[in-house]
S.K.: 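Can you keep this structure in mind? I'll have questions shortly.
Convention: sequence-line order gives letters A, B, ...; per-chain numbering from 1. Please read all numbers here as calculations on a predicted model, not as lab measurements.
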Amino acid sequence: MSDGSSESPLEIHDLTVSYHKKPVLWGIDLCVPKGKLVGIVGPNGAGKSTLIKAAMGLMPLNSGWVKVFGKPVKKNLRRVGYVPQRESVDWDFPVSVMDVVLMGRYGHLGLVKRPGKTDRDKARECLDKVKMLPYANRQISNLSGGQQQRVFLARALAQESDLYFMDEPFVGVDAATETAIVDLLKELKERGKTILVVHHDLPTAKEYFDMLLMLNMRVVAFGETNEVFTSELLQKTYGGRLTILSEVAEAVGKQQ
Amino acid sequence: MKDLIPKFDYELVVTGPWTTDFDMYGWMMLMGFLVTLSCGLAGNFLIWRRMALVGDAISHSILPGLVIAFLALAAVVPHDADGEHSAEFMMRWRTPAMFVGAVAAALVTVVIIEVIHKWTRVKQDAAIGISFTSLFAIGVLLINRFASNIHLDQECVLYGELEYVPLEPMLSLGGTNIGPLPLVRMALVTVIVIVLLLLFYKELLVTSFDPNLAYSIGVNPSVVHYGLMMTLAVVIVSAFESVGAILVIGMLILPGATAALISQRLEVCLWLTVLHAALSAVLGIHLSLWLNSNSAAAMVIVGTALFVMAWAFHGLQKFVLLRRAVRSDADGPEDSIPNAA
């Protein structure tokens with residue numbers, strides 16, 4: 001591809017999105033540099049999930065545009081990988097772990113074509129990376145929360161994208177899976193991928209991500225984690241939410 | 001008690017349909033199989049997309065589609081002095097007009113459901129209830145208003161007339177009889193459903209399981225949705241002549257629901273649907289002969305019995321698995337989460 005490495009993986013300009021006529025995101029401007037691990041933090045209802053959905057074109061925009069590697073997102077969907085919230089799908093659906101990971105290959109196949117041997121090999125390789133290969137033929141309803149999340153990660157790996165959106169991958173997973181996800185994110189970053197992760201836990205946000213996007217309907221701050229993770233900006237992001245504020249104080253306290 | 005249980009005439013009920021009366025019941029069994037198969041295959045996806053009621057909606061809302069198609073046809077029929085030409089015209093265009101009307105009505109239903117669901121706070125199930133009953137009511141009003149121009153047998157709309165299939169005109173090709181016309185049409189529809197299923201299995205699977213992912217890899221879920229709805233409309237309109245608007249819903253849902261109790265693999269479920277369709281068609285004919293009843297209703301009853309049997313099987317399976325799990329627990333857990341080293 002001739003897009004060159006200078007182009008930003010994700011550029012958003014003046015993005016406004018509303019849900020049932022209520023605005024959820026207002027005038028978002030964002031330019032994410034390549035090869036960064038970006039955490040998206042903010043209170044409930046700040047529009048974190050909406051932002052990544054809108055960025056992928058899953059929601060209608062009221063205004064603004066989104067460019068992925070310099071092209072409108074619709075033209076470059078193949079370079080975007082997605083890990084939705086775990087609860088967004090029906091885990092009783094009659095498919096195996098392998099079937100789900102193979103779905104990550106569909107984008108490379110085009111209409112009508114079925115996944116072949118190379119796709120299966122790729123899927124196996126991705127399952128191995130998240131230590132789920134022994135479970136390849138399991139029905140997905142027999143998995144624990146952490147295992148389900150690993151399957152979704154394996155599927156995202158199988159997509160072989162350059163820009164990844166992950167919606168709360170750390171919710172409801174065991175400690176082992178959490179470490180596995182962090183390692184995987186670092187590995188992806190080292191391979192030059194750009195990853196945006198919706199995250200709800202502030203203390204670990206500081207630890208896991210290079211950059212933080214603080215969101216509360218608008219972009220409150222976007223920058224290197226050590227620069228923006230200040231009590232002032234966090235208060236601005238979370239507003240007067242008392243329960244969160246004590247958490248913030250604790251998180252900032254740890255930093256100092 | 002004797003009056004309650006009908007006499008069981010072995011020759012009439014068991015051997016008859018396969019020997020002396022095969023000419024008649026063979027066609028009926030085949031038709032029942034084709035209807036249940038094509039409905040059941042589409043139904044599997046309806047169930048997993050949580051759209052089982054959409055099949056219900058479409059089966060009712062095609063009524064105004066049919067009525068309007070007939071009225072439109074009657075309006076464009078060329079008028080001859082003796083009227084002979086127009087009758088021939090009617091015969092030739094009746095079925096295509098019916099299909100177009102039904103598919104259009106199905107699309108209107110689906111669009112109305114979507115629009116109500118998206119633009120108001122009314123949830124999808126309520127939106128389904130509003131759209132198909134309104135359309136059905138429009139159909140009833142149109143029939144009342146223009147009844148003289150429309151030849152729609154209301155009993156047939158409700159219960160279907162599988163019994164008439166063998167009496168329909170035979171389609172012959174190069175001198176050999178292929179089969180009654182509605183059966184040939186149903187066979188064609190079944191083949192189309194199977195071909196579409198094989199071609200777009202991957203797209204159906206990913207849009208059913210995870211529409212957001214589907215969209216993000218360039219498979220548009222609404223295109224697949226409308227494609228499925230159009231196929232469903234064609235299946236329902238070709239099926240409902242023989243099984244009626246109510247029983248067709250059973251044929252949409254029962255095979256997939258039964259299969260889902262037995263297997264947790266979609267491919268296996270689809271094969272089980274074939275088996276379910278064959279069993280309900282054949283056993284349904286035998287049951288209807290024994291009870292001297294409507295055959296389509298008997299087929300649905302057999303389908304329900306198969307569902308109950310699968311339910312029992314499922315319960316038994318769970319029990320056995322639980323026993324095995326308890327036993328293996330004594331030897332130590334075999335299934336711990338592998339550690340991320």
S.K.: Heavy-atom count check: over 12 atoms from other residues, nucleotides or ligands less than 6.0 Å from Arg121(B) CZ?
M.R.: no
S.K.: Counting only non-hydrogen atoms closer than 4.5 Å, does Ile140(A) touch chain B with its backbone (N, CA, C, O), its side chain (CB onward), both, or neither?
M.R.: side chain
S.K.: Tell me, side chain or backbone of Val73(A) under 4.5 Å from chain B's heavy atoms, or both, or neither?
M.R.: neither
S.K.: Measuring from atom CZ of Arg49(B) to atom CG of Asp90(A), what distance do you get when rounded to the nearest 0.5 angstrom?
M.R.: 13.0 Å
S.K.: For each of Gly104(A), Gly57(A), Pro84(A), tally heavy-atom pairs with chain B at distances under 4.5 Å, and name the one with the top tally.
M.R.: Gly57(A)
S.K.: Could you tell me which portion of Ser141(A) (side chain, backbone, both or neither) has an atom closer than 4.5 angstrom to a non-hydrogen atom of chain B?
M.R.: side chain
S.K.: Atom NZ in Lys113(A), atom CG in Leu199(B): separation rounded to 0.5 Å?
M.R.: 14.0 Å
S.K.: What residues of residues 208-234 of chain B sit under 4.5 Å from chain A when you count only heavy atoms?
M.R.: Ser208(B), Phe209(B), Asp210(B), Asn212(B), Leu213(B), Tyr215(B), Ser216(B), Ile217(B), Gly218(B)
S.K.: Measure the spacing between CZ of Arg265(B) and CG of Asp99(A) and express it to the nearest 0.5 Å.
M.R.: 6.5 Å
S.K.: For the interface with chain B, which of Arg114(A), Gln139(A), Lys74(A), Arg78(A) has the highest count of heavy-atom pairs at distances below 4.5 Å?
M.R.: Gln139(A)
S.K.: Arg50(B) versus chain A, heavy atoms under 4.5 Å apart: side chain, backbone, both or neither?
M.R.: side chain
S.K.: Could you tell me whether Trp271(B) atom CH2 has more than 12 heavy atoms of other residues or ligands within 6.0 Å of it?
M.R.: no
